Number of protein chains: 2
Amino acid sequence: MIQPRPRTIPEATVARLAVYLRVLTSLADGGRTTVSSGELASAAGVNPAGLRKDLSHLGSCGVRGVGYDVRALRERISRVLGAERSRACVLVGIGNLGTALADYAGFGSRGFRFVGLFDASPSRVGQVIGNLAVRPMTDLEATVTATDASIGVIATPADVAQQVCDRLAAAGVRSILNFAPVTLAVPEGVDVRPVDLSVELQVLAFLGQQRAVPAEEVTA
Amino acid sequence: MIQPRPRTIPEATVARLAVYLRVLTSLADGGRTTVSSGELASAAGVNPAGLRKDLSHLGSCGVRGVGYDVRALRERISRVLGAERSRACVLVGIGNLGTALADYAGFGSRGFRFVGLFDASPSRVGQVIGNLAVRPMTDLEATVTATDASIGVIATPADVAQQVCDRLAAAGVRSILNFAPVTLAVPEGVDVRPVDLSVELQVLAFLGQQRAVPAEEVTA
DNA sequence: ACGACTTTGTTCGCGCGTTCACAAGCGGCT
DNA sequence: AGCCGCTTGTGAACGCGCGAACAAAGTCGT
């Protein structure tokens, strides 16, 4: 009875689990103690059957005829995602976006804590955000090593993102969240998750325009 | 010769097309005139065959034995995505994140222009970002109507995001990019694209942790 | 205590997206 | 002009994720 579950959870499911976790926390704050899959699915914007399948990946935790215990489910998802252990993150590029990220309280409650903020501009160095002072780029490697940070966030201009990425990877960071509008090249064993705001907007715009034209198609 | 192509492009392909567009622009700026699929795929971080299939959705545009003409391909993708026409966007919530979005020059070059910045806080109203002044929330509907804005960006705190969303939808906005960590409910015909930074971080952290444990699995 | 209702957990079938592999086509060289 | 090598475009197989339908199970009412 060592490994009752397959150990592999689809990436799409993981992303949804994080959403469920958010919704469950909100429900718990509202005083709810149990939820049905239908209700939770509606709150998360997904299909009820899919939600149950997602939850089945982490073993049975619901009660038939009743639903899920909000607190217990939250606890279990939190454990599976590893959100209970605090993860050290470093953030490079303290512009408006970097400041927003450093300031965002939502990270702390999800198990992420910034242990270093870095910027190349001397005018930014020394500035305090949250309860952390911005440090010069020269301190990057030492901080990563000292804090054993496993996650790096890149919020720099595009033209320096690759070299920042190289330094992070060389320092031992294995996971990188990249907000710069470039595709990063990384060595084997490091994964990058790109978040490109222009891409998001363009997809959105395209879907909107595609939804608008079918009238023309009918005329053909 | 009315509709030589199927008219429907998979959403995943659209997202990648936006990336190709970015890479092509970068290549054009570097003076390149032609690229092979392999080269472009490597620069975009995807499989060469997949890239060719993606490109095939918009008709043949490459030359066999040579590759793709950088400028022509860029032009065609740009046209398909509708990036040539300027789209009016409104942005609600001018905190650090909102300021970062309003300031980001990359949107303009991709066919998006902000026509209104809104914030509930009187202290923010009047502040000028880019070349636009922040306006009070009361002006929201009038601005959307007057500019025929089709895209709304929500960068507000979570607790007001839903009501902002409702107002945008009621005013005629059909596409919404949501940075607030909540799942928005929208009427039929409106689509929302959520960008939740906590979710991104959690997925990244989970993949990293999942990659770290298989050693334990070997012992079993 | 028994029956019926509610809700979970799972299994099946479908459609999509991705990947590999091959044929067609074009340029360059002789 | 003809051949060769390179690259595109497409067809087919594979795998995965998604959605719907069914059986198990537990609770509430009588």
Side-chain angles (χ1 to χ4, degrees), chain A residues 4-20 23-24 27 32-74 76-77 80 203 206-207 210, chain B residues 4-20 23-24 27 32-74 76-77 80 203 206-207 210:
Chain A
R5 72 192 70 123
R7 216 36 112 184
T8 62
I9 301 181
E11 186 168 329
T13 294
V14 174
R16 283 189 298 266
L17 284 177
V19 175
Y20 304 155
V23 175
L24 285 168
L27 256 60
R32 282 292 293 275
T33 60
T34 59
V35 260
S36 68
S37 65
E39 209 169 352
L40 191 53
S42 155
V46 301
N47 186 295
L51 181 139
R52 290 200 296 274
K53 172 167 284 210
D54 286 341
L55 261 45
S56 76
H57 283 146
L58 36 85
S60 265
C61 198
V63 179
R64 297 171 191 239
V66 177
Y68 299 91
D69 181 78
V70 172
R71 195 163 313 182
L73 186 56
R74 182 165 69 90
R76 182 173 298 210
I77 294 178
V80 170
V203 172
F206 179 81
L207 295 179
Q210 201 177 38
Chain B
R5 71 192 72 123
R7 216 34 110 197
T8 64
I9 301 181
E11 187 168 326
T13 294
V14 173
R16 284 189 296 265
L17 284 177
V19 175
Y20 304 156
V23 174
L24 286 168
L27 258 59
R32 283 292 292 273
T33 60
T34 59
V35 260
S36 68
S37 66
E39 209 169 353
L40 190 54
S42 154
V46 300
N47 185 300
L51 181 140
R52 290 200 297 272
K53 177 160 284 226
D54 286 340
L55 261 44
S56 76
H57 283 147
L58 35 84
S60 266
C61 198
V63 180
R64 297 172 192 240
V66 177
Y68 299 92
D69 180 79
V70 172
R71 193 163 313 184
L73 185 57
R74 181 165 70 93
R76 181 172 298 207
I77 293 178
V80 170
V203 173
F206 179 82
L207 296 179
Q210 201 177 39

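Owing to the predicted nature of the structure, the values given are computational and were not obtained by experimental measurement. Heavy atoms only: backbone and side chains are in, while hydrogens, waters and symmetry mates are out. We name chains A, B, ... by the order of the sequence lines, and we start the count at 1 in each one.
Contact between the side-chain N/O atoms of A/Arg16 and the OP1/OP2 oxygens of D/dC18 is found at a separation under 4.0 Å. The side chain of B/Ser37 contributes an N or O atom lying less than 4.0 Å from OP1 or OP2 of D/dT8. Under 4.0 angstrom from either OP1 or OP2 of C/dG9 there lies no side-chain N or O belonging to A/Ser56. Taking only side-chain nitrogens and oxygens, A/Ser60 comes nearer than 4.0 Å to OP1 or OP2 of C/dG9. A close approach under 4.0 Å does occur between a side-chain nitrogen or oxygen of A/Tyr68 and OP1 or OP2 of C/dG9.
Rounding to whole angstrom units, CG of residue A/Asn47 and P of C/dC14 are separated by 18 Å. In this structure, the CG atom of B/Leu40 is 20 Å from the P atom of D/dC6, given to the nearest Å. We find that CG of B/Leu58 is positioned 15 Å from C1' of D/dT10, with the value rounded to whole Å. Taking atom CG of residue B/Asp69 and atom C1' of nucleotide D/dT7, one finds them 15 Å apart after rounding to whole Å. Counting to the nearest Å, the C1' atom of D/dG9 and the CG atom of B/Leu51 are 12 Å from each other. For the pair B/His57 NE2 and D/dG9 C1', the interatomic distance rounds to 12 Å; values are reported in whole Å.
For A/Arg64 against C/dT8, a side-chain-to-base donor-acceptor contact under 3.5 Å is present. A donor and an acceptor atom never sit less than 3.5 Å apart when one is taken from the side chain of A/Lys53 and the other from the base of D/dG17.
Within the model, atoms CD of B/Glu39 and CG of B/Leu27 stand 7.0 Å from one another, a figure rounded to the nearest 0.5 Å. One distance of note links CG of A/Leu24 with CZ of A/Arg71; it measures 12.0 Å at 0.5 Å rounding. Here the straight-line distance linking atom OG of A/Ser37 with atom OH of A/Tyr68 works out to 5.5 Å at 0.5 Å rounding.
With C/dT18, C/dG9, D/dG26 as the candidates, the nucleotide lying closest to the side chain of A/Arg52 is C/dG9. Of the listed nucleotides (C/dT19, C/dG27, C/dG17), C/dG27 has the atom at the smallest distance from the side chain of B/Val66. Nearest nucleotide to the A/Ala49 side chain, out of C/dC26, D/dA20, D/dT8: D/dA20.
Counting only distance, with no hydrogens or angles, the side chain of A/Arg76 and the backbone of A/Leu58 share a donor-acceptor pair below 3.5 Å.
If A/Ala12 and A/Val63 are placed on DNA chain D by their nearest nucleotide, the residue sitting closer to the 5' end is A/Ala12. Ranked by how close their nearest DNA chain D nucleotide is to the 5' end, B/Leu55 and A/Asp54 are led by B/Leu55.
Side chains of A/Thr34 and A/Asp69: no donor on one and acceptor on the other come within 3.5 Å.
Here A/Gly50 lies out of heavy-atom contact (under 4.0 Å) with every strand.
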